[in-house]
Amino acid sequence: MKERNKDLRNRKGNCPICGLYRQLIGKGVICRPCAHPVMKCPKCGTVAKLHTAGLCGLCYGDKRARKYFTALNGTEKFASQYNSYLFELYLKTVHRRLRIRDIDILQAQYLLNVFESTTIPTIRSWSHIYELASKYPAPCRRGLKCCPWNKIGYMLFELGLLIPKAEDRCRQIQNHILKLGAENEPAVREFQEYLSRTNRAQSTQVGYLNNLLGFQLWLLKMNPNLNLLSVSRTLVETYLNGLSTSSRESAFWKFHSFYRFCKMRKWILIHPLDDLTPPPKSQKKLEILSEASIKQIIEFMKSPSSPPELAFLLALILFYGCTPAELTHAQITNFGNDLELQFRRTPRTQGNKSYNRHSSIKLPISPLWFLKLQKRFYSYWLTHFQLVQNKNNRNAIPLLMINTYSYSGRPLRQNYICSMVSKGTQLATGNVVPYRILRQTCGHLQTHSGDASALSRLGWSAAYSFNYTWMPRIYYTPKSKTQEAVE
């Protein structure tokens with residue numbers, strides 16, 4: 001048998017199609033280029049090497065994979081009803097894809113083996129998703145992004161059963177604590193537990209750990225034997241002086257809180273920052289748009305030819321001061337004579353004990369151009385939302401900002417919202433305007449004769465709103481390409 005295969009591999013001769021002397025393959029005894037010609041795929045239109053059934057490799061793999069998933073007729077014996085539910089969620093993520101690959105078949109087979117032999121407990125957090133991914137490692141090509149457990153977690157999030165992945169920082173917190181080293185881990189872990197008990201947000205805890213980790217890495221460069229619990233006042237002061245003016249004050253107070261806690265818990269005997277003078281606060285100024293730029297943006301909103309999603313997004317930021325986080329999770333709840341938006345309520349933490357902005361707002365029907373903008377946007381939004389519902393997602397959440405490709409009902413990333421703002425301001429004014437400049441311009445417009453009380457109703461804190469009563473204003477000047485290249 002081996003000799004016969006060797007003879008087939010060494011079979012050479014003149015190809016009957018092209019007439020060239022090459023290695024001959026297949027039953028037709030033709031050369032490889034003639035057996036797999038480079039042509040336009042009849043399904044996807046890509047010019048590639050055609051394989052079996054006259055399709056390119058990706059389309060043929062998709063056809064074979066869809067045949068496998070169609071053969072799954074629901075006769076599988078799962079260990080529990082919840083396992084069957086999780087497997088259905090995974091199949092929904094697979095059918096959304098433009099092309100199904102062989103890796104999806106391997107993942108489905110692996111999940112079937114797990115779900116048939118093991119009872120999976122109810123998934124209540126992203127930490128549980130990470131535990132399942134490490135306990136049952138399915139075949140993946142791109143790490144956690146391709147992980148089937150991660151796909152199941154996203155489906156649970158779309159159904160409202162999990163919080164957004166970006167807000168679950170438990171894994172990031174544990175990784176930061178481990179990176180700080182064995183000498184610092186007991187004290188830092190106890191400090192993190194203290195922050196959690198005092199109802200500090202996970203993002204705040206990550207901020208503390210980021211500053212401690214940066215300080216620890218700097219200490220290792222100075223002396224490998226140093227750690228956070230054996231530093232002197234001189235070392236801390238030297239490190240703070242090397243930071244930028246904007247981050248020096250924040251780092252000082254985070255270090256002050258950490259070392260005060262360590263002294264209280266007897267991890268250290270002397271507070272290195274006890275008598276150190278806090279760094280002076282930097283003089284803040286509010287950058288706002290000029291009147292000409294504001295008029296250009298408003299004219300862009302009024303124009304019937306402007307993209308409705310970009311014009312409506314700029315209106316919400318310029319007149320209501322919405323943050324990227326608010327726009328990411330905002331929902332459309334009603335459309336009668338006016339559009340009603342519902343904002344997501346996040347858990348309250350220390351320092352943020354009350355909700356300043358109302359959970360829902362009804363947009364006004366005047367002026368007339370703003371009502372027309374709402375109708376244009378709703379028509380655009382409804383088209384894309386129906387596409388999302390038609391793609392195996394009937395229970396999709398009516399999010400305000402929907403994926404342009406309409407493949408899923410997940411919220412967009414905040415970075416993508418900022419990129420949309422940059423694109424809209426580029427079309428309106430000819431220059432890219434940062435998100436923060438638009439929000440600061442909103443605060444300036446809402447402040448009348450030194451009264452900034454209207455900003456509190458927009459969801460801004462009283463301390464931040466007070467800044468608009470006295471801070472000097474400067475007009476925003478776009479940076480030239482030469483300045484950006486130098487920076």
Side-chain angles (χ1 to χ4, degrees), residues 125-127 130 163 165-284 325 346-354 461-464 467:
S125 66
W126 282 99
S127 299
Y130 300 143
I163 63 173
K165 187 178 180 181
E167 295 182 8
D168 194 332
R169 305 288 188 90
C170 295
R171 190 184 189 189
Q172 188 177 2
I173 290 172
Q174 298 304 320
N175 290 339
H176 278 35
I177 294 176
L178 294 177
K179 289 179 181 178
L180 284 167
E183 301 86 357
N184 304 315
E185 182 177 350
V188 174
R189 189 174 295 278
E190 188 175 353
F191 178 64
Q192 183 269 325
E193 292 174 355
Y194 162 75
L195 295 177
S196 182
R197 286 197 307 271
T198 53
N199 199 26
R200 304 293 179 91
Q202 288 186 349
S203 57
T204 302
Q205 299 177 33
V206 172
Y208 275 93
L209 296 176
N210 278 333
N211 280 272
L212 294 177
L213 183 59
F215 186 35
Q216 175 63 27
L217 294 176
W218 182 81
L219 289 175
L220 292 177
K221 292 181 180 179
M222 299 290 294
N223 188 348
N225 297 324
L226 291 175
N227 57 63
L228 295 176
L229 304 179
S230 62
V231 297
S232 62
R233 171 178 172 175
T234 306
L235 283 174
V236 179
E237 193 172 4
T238 304
Y239 175 74
L240 290 175
N241 291 334
L243 299 178
S244 62
T245 307
S246 58
S247 58
R248 188 180 305 160
E249 181 186 359
S250 175
F252 174 84
W253 290 114
K254 285 182 170 61
F255 290 159
H256 194 280
S257 300
F258 172 71
Y259 285 114
R260 182 181 58 186
F261 174 83
C262 290
K263 184 179 179 182
M264 182 178 62
R265 296 293 183 180
K266 306 301 182 183
W267 289 104
I268 58 176
L269 299 178
I270 300 176
H271 192 323
L273 300 178
D274 201 6
D275 299 328
L276 190 63
T277 304
K281 294 184 177 180
S282 58
Q283 181 64 32
K284 297 180 180 179
T346 56
R348 295 291 85 192
T349 56
Q350 185 175 0
N352 299 291
K353 298 181 179 180
S354 60
S461 65
Y464 188 68
N467 292 336

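Rounding to the nearest 0.5 angstrom, the gap separating the CZ atom in Phe252 from the OG atom in Ser247 is 14.0 Å. To the nearest 0.5 Å, atoms OH (Tyr208) and OH (Tyr194) are separated by 8.0 Å. Expressed to the nearest 0.5 Å, how far CG of Leu273 lies from NZ of Lys254 amounts to 13.5 Å. How far CG of Leu229 is from CZ of Phe258: 5.5 Å, rounded to the nearest 0.5 Å. Rounded to the nearest 0.5 angstrom, Met222 CE and Leu235 CG are separated by 6.0 Å. A distance of 13.5 Å separates CD1 in Ile173 from CZ in Arg171, rounded to the nearest 0.5 Å.
For the pair Leu213 and Leu180, the tightest heavy-atom approach, listed with the atom from each and the gap, is CA-CD2, 3.5 Å. The minimum heavy-atom distance linking Lys263 with Leu269 is given by the pair CE-O, 3.8 Å. Between Phe215 and Leu228, the closest heavy-atom pair is CD2-CD2, 3.5 Å. Between Val231 and Tyr259 the shortest heavy-atom distance is CG2-OH, 3.3 Å. Shown here for Ser257 and Phe191, the closest heavy-atom pair between the two residues is O-CE1, 4.0 Å. When all heavy atoms are compared, the tightest approach of Leu219 to Asn227 is CD1-O, 3.7 Å.
Residue Tyr239 qualifies as enclosed at atom OH: its count of foreign heavy atoms under 6.0 Å is above 12.
Residues meeting the salt bridge (charged side-chain N to carboxylate O under 4.0 Å, His left out) test with Arg260, sequence neighbours left out: none.
Counting only heavy atoms from C-beta outward, the side chains of Cys170 and Gln202 approach each other to under 4.5 Å. Contact of the Pro186 side chain with the Trp267 side chain is registered, since non-hydrogen atoms from C-beta on lie closer than 4.5 Å. Residues Arg233 and Asp275 are in side-chain contact: their nearest non-hydrogen atoms beyond the backbone lie under 4.5 Å apart.
Using modelled atom types, no side-chain atom of Ser196 and backbone atom of Gln192 make a donor-acceptor pair closer than 3.5 Å. Between the Arg248 side chain and the Leu240 main chain, a donor and an acceptor come within less than 3.5 Å of each other. Formation of a donor-acceptor pair under 3.5 Å by the His176 side chain with backbone atoms of Gln172 is found in this model. When atom types are taken as modelled, the side chain of Ser230 and the backbone of Leu226 share no donor-acceptor pair closer than 3.5 angstrom. Panel note: side chain Gln205, backbone Arg200; a donor-acceptor pair is recorded below 3.5 Å. In terms of modelled atom types and a separation under 3.5 Å, the side chain of Arg169 and the main chain of Ser203 share no donor-acceptor contact.
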Apply side-chain contact (heavy atoms from CB on, under 4.5 Å) to residues Leu209 and Val188 and explain how you reach the verdict. CA-CA 8 Å; Leu209 296 176; Val188 174; 3.6 Å; yes

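Ring planes of Trp126 and Tyr130: tilted class, angle from 30 to 60°.
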